[in-house]
Student: 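Sharing a structure with you now.
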Amino acid sequence: MIHYHVSFKYPHRHFISFEARFLNPGKNELLLQLPSWRPGRYELGNFSKNVRGWKATGKKGELLSFTKRTKDLWCIDAEGIDEVMIHYEYYASELNAGSSYLDDDQLYINPVNCFFFDPERPELNYIIDFSLPEGYEIACGLKKEGPHRLRADNFDELADCPLIASGTLRHLNYSVDNYLFHLVIQGEYRIDEERLIEEFKAFSELHIRIFRDMPCSEYFFLFQFTPFFVRHGVEHRNSTVIAMGPAADFMNKSFYDRLLGISCHELYHTWNVKNIRPIEMMPYDFTRENYCESGFITEGVTTYFGDLLLFRSGIYSEIEWFDILSTSLQTHFDNYGRQNYSVAESSWDTWLDGYSSGIPWRKVSIYNEGCLVAFICDIEIMRATSDRRSLDDAMRLMYERFGKTKSGYCSDDYMKCLEETAGISFVELFKEIVHGHGDYMHWLQVSFEYLGLIIEQLPGAKWNERYLGFRVEESNSRLQVSEITPNSPADRAGLWYGDEIIAVNGAVPYKNFDHLLKLGSGKDYVFSLVRKNRFVHLHL
């Protein structure tokens, strides 16, 4: 067993103090690993950059020598030592759904950020004791062995159970069948609590009806409602952390709807990725990248159902659902990376450049394109079975076959579950738009036609988008090029990302950019730019 003690002295400094006891099974060297990444974010996090004051001691307090083998692997000289204590501080100053944070109001820990494990014995139990201010309570999906003591059966469980300790937690709950759901709120908020519970219960019931059971008996929605702007959620085995702010925005319907959307999305992850998990992550290897091409399933299918189930449970109207789908379509057709990189390739490369858009026209989003692939697959199943089956059935089959058995799957396994559910081949679809760079439009048109809907592409409303093929972002009266359409007049003229437009045909565009472009219609344009601190003139 590994025994941890967590405390803090000056919360405004954001440093959390950790002490841990590791028993040494007679080895000359004891290896201790801090994770390099966290579940739910498939990129390196390099959390060891937040560690300071690390030292190791023996049972009597004597200092033990150590070296670092990698950026986050410590090797302790433990010859003749049967018990090793480690001491360190972790800097927790960032408040979002995947981080750790300490201030005068709360201690919030995502254990995968800051707890060590023995890479040769990840199955060891953990006991964690906390020294907390009077009145603090802990909200967490781990087993409680006292008010301020938690227990984890192994590191995988510990790493996937975040906690909030505070004296100002607000608790709400509801039940679906025999499953208990907790809504734990930290921070200020303005929400109709009765409505919140009613709508959360509605989409939770639908999740359980689809999969016919739930992998855990209790589930925790841990909310961080912040005074600053944030929209972020992270899934865990029996909980989720959702950071939303600022609190004043709860008065806006769009903000509240966003809260519902993130929450529904994260709950679906309890089945899809926490239990139905790619084979490359069975188990998680926290020491390095876990390359995987199944992001279009783990995140894409979840994104699709995260919004769809709010519609099917009566929370979103049909028009609201269409608006969400239209936004996904717009995002897809705006991203010319679809011509160069498939959604499967983009999944693999989250480990390369994270979740940023990256260089122009390179890749797509596992969330957005994965969502559209899930939509197309759903309709293909409905078409083939005259609406008797849907993607619900295929995902339930995935849960039965891979989730309940704790065996990992690959993308071919998912395709076979689709084929088994629909009774048709999905080989061509996967070849074209999952692993290839094919045009989604054919598949989308077939899907919409089956639903009795029309997908229609309209010219952009703004002159620069409609005729010239570029977009700008305006900030503090500065116009900066943010998007370029390949082979458009703007592209052929040499306009590029980051260019700042300071004049059009000699006139400064101050809140009248579109008007200046319309005045020059049918003529050549002369754009005066600032590019990397140089003046440039381009003719379009």
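Side chains are part of it too, since the values below use all heavy atoms of this structure and drop only hydrogens, waters and symmetry mates.
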Student: Below 4.0 angstrom, N of the basic side chain to O of the carboxylate: do Lys201 and Glu198 qualify?
Tutor: no
Student: More than 12 heavy atoms of other residues, nucleotides or ligands under 6.0 Å from CG of Leu451: yes or no?
Tutor: yes
Student: Do the rings of Tyr126 and Phe155 sit parallel, tilted or perpendicular, given the 30° and 60° boundaries?
Tutor: tilted
Student: Might you point out which heavy atoms bring Met214 and Tyr399 nearest each other, and give the distance in Å?
Tutor: C-OH, 4.2 Å
Student: Is the closest basic N to carboxylate O distance between Lys27 and Glu29 below 4.0 Å?
Tutor: no
Student: May I ask you to decide whether Arg401 forms a salt bridge with Asp413, counting only side-chain N to carboxylate O separations under 4.0 Å?
Tutor: no
Student: Take atom CD in Glu218; do more than 12 heavy atoms of anything else shown fall under 6.0 Å from it?
Tutor: yes
Student: Give a yes or no on whether a salt bridge exists between Glu369 and Lys363, defined as a side-chain N under 4.0 angstrom from a carboxylate O.
Tutor: no
Student: Near Glu123 CD, under 6.0 Å, is it more than 12 heavy atoms from other residues, nucleotides or ligands?
Tutor: yes
Student: Partners of Arg312 by salt bridge (Lys or Arg N to Asp or Glu O under 4.0 Å), sequence neighbours excluded?
Tutor: Asp392
Student: Is it true that Asp156 and Arg237 make a salt bridge, defined as a side-chain N closer than 4.0 Å to a carboxylate O?
Tutor: yes
Student: Determine, stepwise, if the pair Lys431 / Glu428 fulfils salt bridge (Lys or Arg N to Asp or Glu O under 4.0 Å).
Tutor: CA-CA 5 Å; Lys431 180 181 177 182; Glu428 195 62 28; 5.0 Å; no
